[in-house]
Amino acid sequence: MKAGIVGASGYSGLELIRLLLGHPEVEIETIVSPSNAGSKLDDIFPHLTNIQNCDFDSLDLNDLAERTDVVFFATPAGISSQSIPSLLEKGVTCIDLSGDFRLKEDGLYEEWYKHSSPPAQTLKKAVYGLSEFYPEEIASADLIANPGCYPTASLLGILPVIQQEWVDPASLIIDGKSGLSGAGRKTSIAAHFSEVNENVSAYKLGRHQHIPEIEQIISSQIGKDIQLTFSTHLIPLTRGMMCSMYINLKHEKTDREVIELYQSFYENHPFIRIMPEGKWPTPKGVAGSNYCDIGFSVDSRTNRLTVISVIDNLMKGAAGQAVQNMNLRFGYPEMLGLTLSPVFP
Ligand SMILES: NC(=O)c1ccc[n+]([C@@H]2O[C@H](COP(=O)([O-])OP(=O)(O)OC[C@H]3O[C@@H](n4cnc5c(N)ncnc54)[C@H](OP(=O)(O)O)[C@@H]3O)[C@@H](O)[C@H]2O)c1
């Protein structure tokens with residue numbers, strides 16, 4: 001199968017290159033980066049010397065459609081919604097890592113992303129690509145809206161206990177922490193080494209664009225609109241993210257009962273690993289891999305459950321899940337090309 005990557009010079013695009021190079025069923029046919037068009041991949045990214053020998057292309061939709069079966073968009077908000085409608089018409093399957101096709105409610109995308117809404121007809125075709133929850137829908141989708149990194153970590157961590165109605169969803173508080181690659185390759189003062197190193201900073205409190213995405217999925221799962229508190233922090237890691245979630249239990253539960261629920265819920269989902277009692281996951285434990293590790297603590301004094309969920313933002317939070325979705329869509333084994341173990345230490 002022939003794949004194109006638009007946004008191949010960004011962090012998620014580079015991670016797609018790394019994964020697809022190891023995928024036995026896929027050939028990288030074209031890599032698109034407007035600012036690097038005509039340059040050799042290994043001139044710009046010497047770590048790929050002798051590994052992949054090709055040039056960056058400019059964005060040409062006819063060329064993409066002629067040469068590829070699947071196109072990944074690893075571009076900033078507002079880009080893919082202009083290109084995907086025409087690619088779909090030409091029969092190309094699209095997997096969008098940006099937020100352009102995730103929010104279904106009218107006006108919500110414009111409100112949170114400050115870009116024009118995507119075309120309504122195309123938005124209707126988009127399937128939310130949370131692989132473990134929507135595999136059948138993904139398998140027949142021509143447009144997959146790959147989830148955001150924070151929503152992936154949060155939803156995988158909290159949905160089982162919400163689906164079982166063990167908790168009050170309206171009481172959910174999510175405390176998210178992300179490494180710097182979550183903000184992409186472009187630089188800013190806030191991402192300056194001197195500002196980030198040995199520091200932690202809160203950002204976009206109550207304004208993060210992943211808030212409506214998480215609310216949308218939880219609301220659709222329980223059939224009722226909910227709102228939640230979600231705080232985001234920047235931490236001095238290159239890759240990795242942790243979501244610590246706090247939620248009120250409806251009835252008394254023990255750590256063991258919660259762990260058993262999750263073990264059985266994710267029994268057939270190899271990328272989800274449930275931590276044993278008294279152990280909690282770390283971003284380093286999943287770095288470079290497509291795993292999501294989840295740990296728990298029941299506070300019997302407050303009758304509150306804490307769920308800790310970690311992923312590598314560029315893997316399960318972006319490129320890894322995108323390849324997992326491609327596997328589901330094209331009928332390959334879910335783990336194909338994704339069996340990399342975490343890099344440790
Ligand atoms: N980073 C993460 O952890 C993460 C996780 C989940 C989802 N995402 C989402 O994935 C997308 C990419 O994120 P990233 O962090 O990889 O970004 P990034 O490092 O900033 O890279 C952005 C890429 O998009 C390309 N691009 C920019 N404007 C373009 C245009 N008009 N047409 C075509 N290509 C264009 C850039 O190419 P040039 O170099 O030529 O400008 C670059 O290759 C974003 O929507 C982000 O929200 C990121």
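For ligands, and for the atoms within them, numbers begin at 1 and follow the listed sequence.
Side-chain atoms of E257 come within 3.5 Å of backbone atoms of T254 as a donor-acceptor pair (strictly under, hydrogens ignored).
Ring orientation note: the planes of F296 and Y262 are tilted relative to one another, at an angle of 30° to 60°.
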**Q.** From CA spacing to verdict: side-chain contact (heavy atoms from CB on, under 4.5 Å), L328, E136
**A.** CA-CA 8 Å; L328 291 169; E136 281 116 40; over 6 Å; no
Run the side-chain donor-acceptor check on residues 152-172: report pairs under 3.5 Å with partners two or more places apart or on a different chain.
| residue | atom | partner | partner atom | Å |
| --- | --- | --- | --- | --- |
| T152 | OG1 | G148 | O | 2.8 |
| T152 | OG1 | Q321 | NE2 | 3.1 |
| S154 | OG | Y150 | O | 2.8 |
| Q163 | NE2 | Q221 | OE1 | 2.4 |
| D168 | OD1 | A170 | N | 3.1 |
| S171 | OG | D168 | O | 2.7 |
| S171 | OG | N248 | N | 2.9 |

I'd like a table of donor-acceptor pairs (distance under 3.5 Å, sequence neighbours excluded) in which one partner is a side-chain atom from residues 41-54, with atom names and distances.
| residue | atom | partner | partner atom | Å |
| --- | --- | --- | --- | --- |
| T49 | OG1 | P46 | O | 2.7 |

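In this structure D299 satisfies the side chain to side chain donor-acceptor pair (under 3.5 Å) test together with T302, sequence neighbours excluded.
The contact shell of ligand 1, taken as protein residues with any non-hydrogen atom closer than 4.0 angstrom, comprises V6, G7, A8, S9, G10, Y11, S12, S33, P34, S35, N36, A74, T75, P76, I79, L97, S98, C149, S181, G182, G184, R185, N313, L314, G317, A318.
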